[in-house]
Each structure stands twice: as structure tokens, then as C-alpha cells.
Amino acid sequence: MQCDWPLLGPLQWMRYVNKQVKVKAGKDEERRGWLLTVDPVSASLVLVDFKEDGGASVQVVMGHAVEEVEVLQEADEETTQRLQSSFLPAKTRRLDPEELRKKRAGVRSWLEKNRIPVEEEGDDLRVAGVLTITPPYGPEDCCSSNQIILDRIQKLIQSVFQIQTDHTETDPDCPSTMEV
């Protein structure tokens, strides 16, 4: 493709995303990989190369250095899924809707047992009207502008995960009373 890569813009760059590309940058440099994304400000390309052991390597090619971009291969459905989920936390990738529903119900129940007002708003949990917990409902999934409430709810949610972990480690054959 063109040597004026940074001038193409996002609409043109999107044609290359989720495709295996060969990028010429500099005099003798050439990079190959699956194009994950293009930075809209710098036009830098993020290339992912999947390893045989299941891992991935990531290369960033600075936009100003790009001389040519050539599409080598279109991504199949599996590769597209793998690219999109490569940088998500493992637990986010593997939870199906039923597991998320059980986890939401468990967190809600735990908060209510601790006399915290909580309501469901779609897939989110809304706590006391000032904090939102999004899937997959862990401490890191809490959002609030009130730092004190945020900290306390995160600690409370962390405690339910700790109780469940301790319970499972002491008696793995005994089912947990929490669905979190």
C-alpha cells in the first residue's frame, strides 16, 4: 500500500484490521503479523503474532516509519476471536451468560446480607445509587466517583471471593454456599 500511511485515516486503516499484513518500515525493515489496531493519533500499527505454545508476541510499528502495508491473509472466525480476546483478562473471556448471572446474583446477595442497598440495572449492579459493578462483578469491576464507598465495596466483594476460595480449599467436595 501507500507510503503516506499516516494520511490515510481511520476509515482506510480499518480495512487492514484483523488481517495478516506485511509492513515495510525504514530501508530494510519488514514486519509481519496480524493487525490488531491502528492508533488514530500516531498511525502506529499494533501487530500480533501467535506462538505455537498459545502465547502471543506484540510489535508496534510507528506510523511515521511505515512505507508500505500489504495484506497477506484474511482472518478466519477463530483468528478474529483470538485477536479480540488476546488482551482480555482470562476470567472475562471464559464466563458464559449463565455463569455471569450466577455471579451477579451471588454478589447481589452478599451485598444485601451486609445491608448494602443494591439494584440490578441490566447486566450491571447499582449500589446505593453511587456505585456501579459491571460484569464479571469482581472488585476491579466497581466504578464510583466516591472513593470511600468504592474502597469499602471493593473490600466487601474481595471478602466474598476470599471466603469462597478458603471454603473450597478446606473442603473441595463440599459445595459452596455462595454462587460467586
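Worth knowing before you read on, the calculation uses all heavy atoms, side chains too, and leaves out hydrogens, waters and symmetry mates.
Counting heavy atoms from C-beta outward, E70 and V21 have side chains that stay 4.5 Å or more apart. Within the 4.5 Å cutoff, the side chain of C142 has heavy atoms near those of the I157 side chain. Using a 4.5 Å heavy-atom cutoff, the side chains of P135 and D124 are in contact. Considering only heavy atoms from C-beta on, K22 comes within 4.5 Å of E30 through its side chain. Taking the side chain as every heavy atom from C-beta outward, L125 and E120 approach each other to under 4.5 Å. Here the side chains of R108 and L111 are not in contact, with every heavy-atom distance at 4.5 Å or above. Taking 4.5 Å as the limit, every side-chain heavy atom of T132 sits out of range of all side-chain heavy atoms of S144. In this structure, the side chains of N146 and L131 stay at 4.5 Å or more apart for every pair of heavy atoms.
Shortest non-hydrogen contact noted between C143 and L150 is N-CD1, 4.1 Å. Of all heavy-atom pairs between G63 and S44, the closest is N-OG, 3.2 Å. Between W13 and P6, the closest heavy-atom pair is CZ2-O, 3.6 Å. When every heavy atom of Y137 is checked against every heavy atom of L100, the shortest pair comes out as CE1-O, 3.5 Å.
Remark: side-chain polar atoms of W5 are not paired, donor with acceptor, to backbone N or O of H64 under 3.5 angstrom. Side-chain atoms of N114 come within 3.5 Å of backbone N or O of W110 as a donor-acceptor pair. Side chain of E67 to main chain of K24: no donor-acceptor pair is present (N/O by atom type, distance under 3.5 Å, no hydrogens or angles). Checking side-chain atoms of D53 against main-chain N and O of G55 turns up a donor-acceptor pair under 3.5 Å. Proximity of a side-chain donor or acceptor of K19 to a complementary backbone N or O of R15 within less than 3.5 Å is detected. Judged by distance alone, the side chain of S109 and the main-chain N or O of G106 form no donor-acceptor pair under 3.5 Å.
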Which side-chain N or O atoms in residues 33-41 pair as donor and acceptor under 3.5 Å with protein atoms at least two apart or in another chain?
unit_1 : atom_1 : unit_2 : atom_2 : d
D39    : OD2    : V41    : N      : 3.3
D39    : OD2    : S42    : N      : 2.7
D39    : OD2    : S42    : OG     : 2.7

TODO: Evaluate side-chain contact (heavy atoms from CB on, under 4.5 Å) for K155 paired with D151, printing each intermediate quantity in order.
DONE: CA-CA 6 Å; K155 286 179 180 174; D151 185 55; 3.2 Å; yes

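A distance of 10.0 Å separates CG in N18 from CD in Q81, rounded to the nearest 0.5 Å.
One finds a salt bridge joining R104 and D123 here, because a Lys/Arg side-chain nitrogen approaches an Asp/Glu carboxylate oxygen to under 4.0 Å. A salt bridge does not link K102 to E99: none of the charged side-chain nitrogens sits closer than 4.0 Å to a carboxylate oxygen.
Hydrophobic clustering, with ILVMFWY side chains joined whenever heavy atoms are under 4.5 angstrom apart, keeps L72 apart from V23.
Counted within 6.0 Å of CG on L7, heavy atoms from surrounding residues, nucleotides or ligands total more than 12; the atom is thus considered enclosed.
For D76, the side-chain contact (heavy atoms from CB on, under 4.5 Å) partners at least two apart in sequence or on another chain are E78, T79.
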